Peer 1: 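Here's a structure for you.
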2 protein chains.
Amino acid sequence: MEYKEARQKFIGTWGSLGSNWGINKTMAQIHALLLISEIPVCTEDIMDELSISRGNANMNIRALIDWGLVHREVVPGERKDFFTAGKDIWKVALQIIRERRRRELEPVMSILSNMKDINASKGEQAKLDEFNKVIEDLDGFTGKVDKMLETLLKSDKNWFQKNIIRLLT
Amino acid sequence: MEYKEARQKFIGTWGSLGSNWGINKTMAQIHALLLISEIPVCTEDIMDELSISRGNANMNIRALIDWGLVHREVVPGERKDFFTAGKDIWKVALQIIRERRRRELEPVMSILSNMKDINASKGEQAKLDEFNKVIEDLDGFTGKVDKMLETLLKSDKNWFQKNIIRLLT
DNA sequence: AAATACTTTCAATTATTTTTGAAAGTTTAG
DNA sequence: CTAAACTTTCAAAAATAATTGAAAGTATTT
């Protein structure tokens with residue numbers, strides 16, 4: 001396979017993968033582009049390579065920065081902004097986990113814990129029992145997942161590889 | 001809080017959570033509805049409770065069955081189909097992991113492994129080196145994640161709780 | 001202070017996904 | 001076999017999300 005073809009395929013694949021994960025296609029493609037670029041890249045380059053508008057590029061770059069996956073880079077002698085993505089896949093994964101935990105797990109946990117004191121009118125007791133059971137299970141489960149992720153985010157790569165992978169393999 | 005209010009809130013929350021995870025709102029709401037119902041539920045009930053059309057209900061129930069999260073249930077003396085969802089949250093989570101692994105991780109892994117033999121024309125060597133490095137890292141990483149998930153899917157709840165949670169806590 | 005280089009915003013457009021509902025299909029009962 | 005009960009399909013409509021591009025904003029240089 002030729003380099004250009006592989007590059008395009010990779011950017012496309014990363015893009016469609018992103019959409020399964022709540023990240024939009026363009027955002028994931030920009031990330032892919034930066035991942036495989038050995039030098040900082042400017043907005044114009046991104047617009048050209050992906051054939052997207054300036055506004056679109058700008059918005060998605062900002063979203064990536066907001067997710068902590070991309071950083072602004074100052075290139076000496078240049079006025080415009082340049083961007084790079086962290087290349088350590090382990091760190092990328094942890095950063096994504098960190099953001100999703102904050103944006104999704106935390107809200108759910110707070111809603112669940114507000115659902116523990118519910119009144120039933122007569123005739124609803126069986127339904128309420130089932131409801132409470134599900135809520136309690138879910139609350140316990142998300143609590144455990146949260147603790148696990150918290151520990152995972154604190155631990156370093158080597159520790160993880162040594163312990164978890166060995167335990168699971 | 002009253003039971004009905006809590007019930008509605010839960011269904012709504014589960015629904016919007018779903019959309020962050022590539023599962024559409026209605027599908028997640030139907031799942032929530034079945035999760036907290038102590039008896040099997042028919043299509044009509046779902047249509048009424050969620051105010052959705054028959055087609056929509058049917059499509060999303062089928063999707064849930066396809067994901068292995070919902071099962072058809074035969075109610076004696078009734079002709080129409082009834083549905084239930086598995087109540088064990090641990091199993092629900094494992095089932096979701098199993099399906100996502102199959103639908104998303106596997107395709108990516110096969111694409112990555114097809115990207116290991118690439119030719120660069122002159123002047124592209126540095127770019128190609130960076131590209132190969134990223135692909136190799138990603139391939140290694142997804143391989144590890146895959147092994148981990150595979151083991152996780154095989155292990156039982158108690159084993160998991162004893163080992164992983166203790167290790168991480 | 002005016003021109004230049006660049007970034008950000010956002011209303012309008014375009015693309016994608018979801019939902020509807022009526023028609024077609026299927027199964028069961030009489 | 002035929003009607004009734006129920007399920008599935010799918011083209012069209014509605015809802016939602018992403019994208020454009022021109023105008024407004026900001027910072028830098030002359």
Side-chain angles (χ1 to χ4, degrees), chain A residues 11-34 40-67 69-84 103-104, chain B residues 11-34 40-67 69-84 103-104:
Chain A
I11 291 173
T13 304
W14 207 237
S16 52
L17 185 65
S19 21
N20 292 122
W21 289 88
I23 289 163
N24 90 41
K25 199 186 60 171
T26 305
M27 190 173 153
Q29 286 182 338
I30 294 174
H31 186 231
L33 188 54
L34 295 178
V41 167
C42 70
T43 305
E44 298 264 330
D45 294 341
I46 292 170
M47 289 165 57
D48 287 354
E49 176 117 20
L50 304 179
S51 306
I52 59 174
S53 71
R54 183 174 299 284
N56 195 7
N58 185 269
M59 299 256 269
N60 285 110
I61 291 167
R62 286 156 67 61
L64 283 165
I65 291 173
D66 190 42
W67 272 71
L69 294 174
V70 162
H71 305 281
R72 253 174 244 277
E73 199 80 20
V74 175
V75 172
E78 288 277 7
R79 257 173 79 176
K80 60 189 165 185
D81 289 353
F82 283 74
F83 306 97
T84 51
R103 292 172 197 217
E104 289 156 30
Chain B
I11 291 173
T13 304
W14 207 239
S16 53
L17 184 65
S19 22
N20 292 123
W21 287 89
I23 289 165
N24 89 41
K25 199 185 60 172
T26 306
M27 188 172 157
Q29 286 182 338
I30 294 174
H31 186 231
L33 187 53
L34 294 178
V41 167
C42 71
T43 306
E44 297 266 329
D45 294 342
I46 292 169
M47 287 164 59
D48 287 355
E49 175 117 20
L50 303 179
S51 306
I52 59 174
S53 72
R54 184 173 298 284
N56 196 7
N58 185 268
M59 299 255 271
N60 285 109
I61 291 168
R62 286 156 69 62
L64 283 165
I65 292 173
D66 191 41
W67 272 71
L69 295 174
V70 163
H71 306 282
R72 253 174 245 276
E73 198 80 21
V74 175
V75 172
E78 288 277 9
R79 255 174 80 177
K80 58 189 167 189
D81 288 354
F82 284 73
F83 306 97
T84 50
R103 293 172 195 217
E104 289 155 31

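Keep in mind the model is a prediction, meaning the values are calculated, not measured. Proteins come first, then strands; the chains are lettered A, B, ... in the order of their sequence lines, and each starts at number 1.
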Peer 1: If you measure from CZ on A:Phe83 to CG on A:Leu33, what distance do you get to the nearest 0.5 Å?
Peer 2: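 It is 12.0 Å, given to the nearest 0.5 Å.
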Peer 1: In whole Å, what is the span from the CG atom of A:Leu50 to the C1' atom of D:dT20?
Peer 2: 15 Å
Peer 1: Whole angstrom is fine here: how far is it from CG in B:Asn60 over to P in C:dG21?
Peer 2: 15 Å
Peer 1: Start at the 5' end of DNA chain D and walk down; is the nucleotide closest to A:Ile23 or to B:Phe83 reached first?
Peer 2: B:Phe83
Peer 1: Whole Å only: how far is the CD1 atom of B:Ile65 from the P atom of D:dT7?
Peer 2: 11 Å
Peer 1: What's the CZ-C1' distance between A:Arg62 and D:dA18, to the nearest Å?
Peer 2: 17 Å
Peer 1: Which nucleotide wins on minimum distance to the side chain of B:Lys80, given the candidates C:dT20, D:dC6, C:dC10?
Peer 2: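 Selected nucleotide (nearest to the side chain): D:dC6.
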Peer 1: Find the distance A:Asp81:CG to D:dG25:P and express it as a whole number of Å.
Peer 2: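 Roughly 20 Å, once rounded to whole Å.
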Peer 1: Return the value, rounded to whole Å, for the distance between atom CD1 of A:Ile30 and atom P of D:dA18.
Peer 2: 13 Å
Peer 1: Work out which heavy atom in A:Ala57 is nearest to a heavy atom in A:Met47; give both atom names and the distance.
Peer 2: CB-CG, 3.9 Å
Peer 1: Does any non-hydrogen side-chain atom of A:Val41 lie less than 4.5 Å from one of A:Glu49?
Peer 2: no
Peer 1: If you round to the nearest 0.5 Å, how far is CD1 of B:Ile52 from CG of B:Asn58?
Peer 2: 10.0 Å
Peer 1: Separation of A:Leu64 atom CG from D:dA18 atom P, in whole Å?
Peer 2: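 Those two atoms, CG and P, are 13 Å apart.
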Peer 1: Let me confirm one number: the CG-CZ distance from A:Asn20 to B:Arg103, rounded to the nearest 0.5 Å.
Peer 2: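 The distance works out to 10.0 Å.
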Peer 1: Have a look at A:Asn24 and say if it touches a base, only the backbone sugar-phosphate, or nothing, with a 4.0 Å heavy-atom cut-off.
Peer 2: sugar-phosphate
Peer 1: For each nucleotide in nucleotides 25-30 of chain C, reading 5' to 3', give B when a protein heavy atom comes within less than 4.0 Å of its base, S when such contact involves only the sugar-phosphate, and - otherwise.
Peer 2: --BBS-
Peer 1: For A:Glu78 and for B:Lys25, find the nucleotide of DNA chain C with the closest heavy atom, then tell me which residue's nucleotide is more 5'.
Peer 2: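 Its nearest nucleotide being more 5', the pick is A:Glu78.
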Peer 1: Select base, sugar-phosphate, or nothing to describe what B:Arg54 touches, counting heavy atoms under 4.0 Å on all strands.
Peer 2: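 Counting heavy atoms under 4.0 Å across all strands, the contact made by B:Arg54 includes a base.
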Peer 1: Starting from the C-alpha separation in whole Å, work towards a yes-or-no answer on side-chain contact (heavy atoms from CB on, under 4.5 Å) for B:Trp67 and B:His31.
Peer 2: CA-CA 11 Å; B:Trp67 272 71; B:His31 186 231; over 6 Å; no
Peer 1: Looking at B:Asp66, B:Asp81, B:Thr43, B:Leu34, which one forms a side-chain contact (heavy atoms from CB on, under 4.5 Å) with B:Ile61?
Peer 2: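 By the side-chain contact (heavy atoms from CB on, under 4.5 Å) criterion, B:Ile61 pairs with just one of B:Asp66, B:Asp81, B:Thr43, B:Leu34: B:Thr43.
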Peer 1: Can you tell me how far C1' of C:dA5 sits from CG of A:Asn58, to the nearest Å?
Peer 2: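 Interatomic distance, CG of A:Asn58 to C1' of C:dA5: 15 Å.
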Peer 1: Nearest to the side chain of A:Ile52 - D:dT9, C:dT8, D:dT20?
Peer 2: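 Of D:dT9, C:dT8, D:dT20, D:dT20 is nearest to the side chain of A:Ile52.
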Peer 1: With a 4.0 Å cut-off on heavy atoms, is A:Ser19 in touch with a base, just the backbone sugar-phosphate, or nothing at all?
Peer 2: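 Here A:Ser19 touches no strand at all.
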Peer 1: Could you pick out which residue, A:Thr26 or B:Arg72, lies toward the 5' side of DNA chain D when each is mapped onto its nearest nucleotide?
Peer 2: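 Final value for this comparison: B:Arg72.
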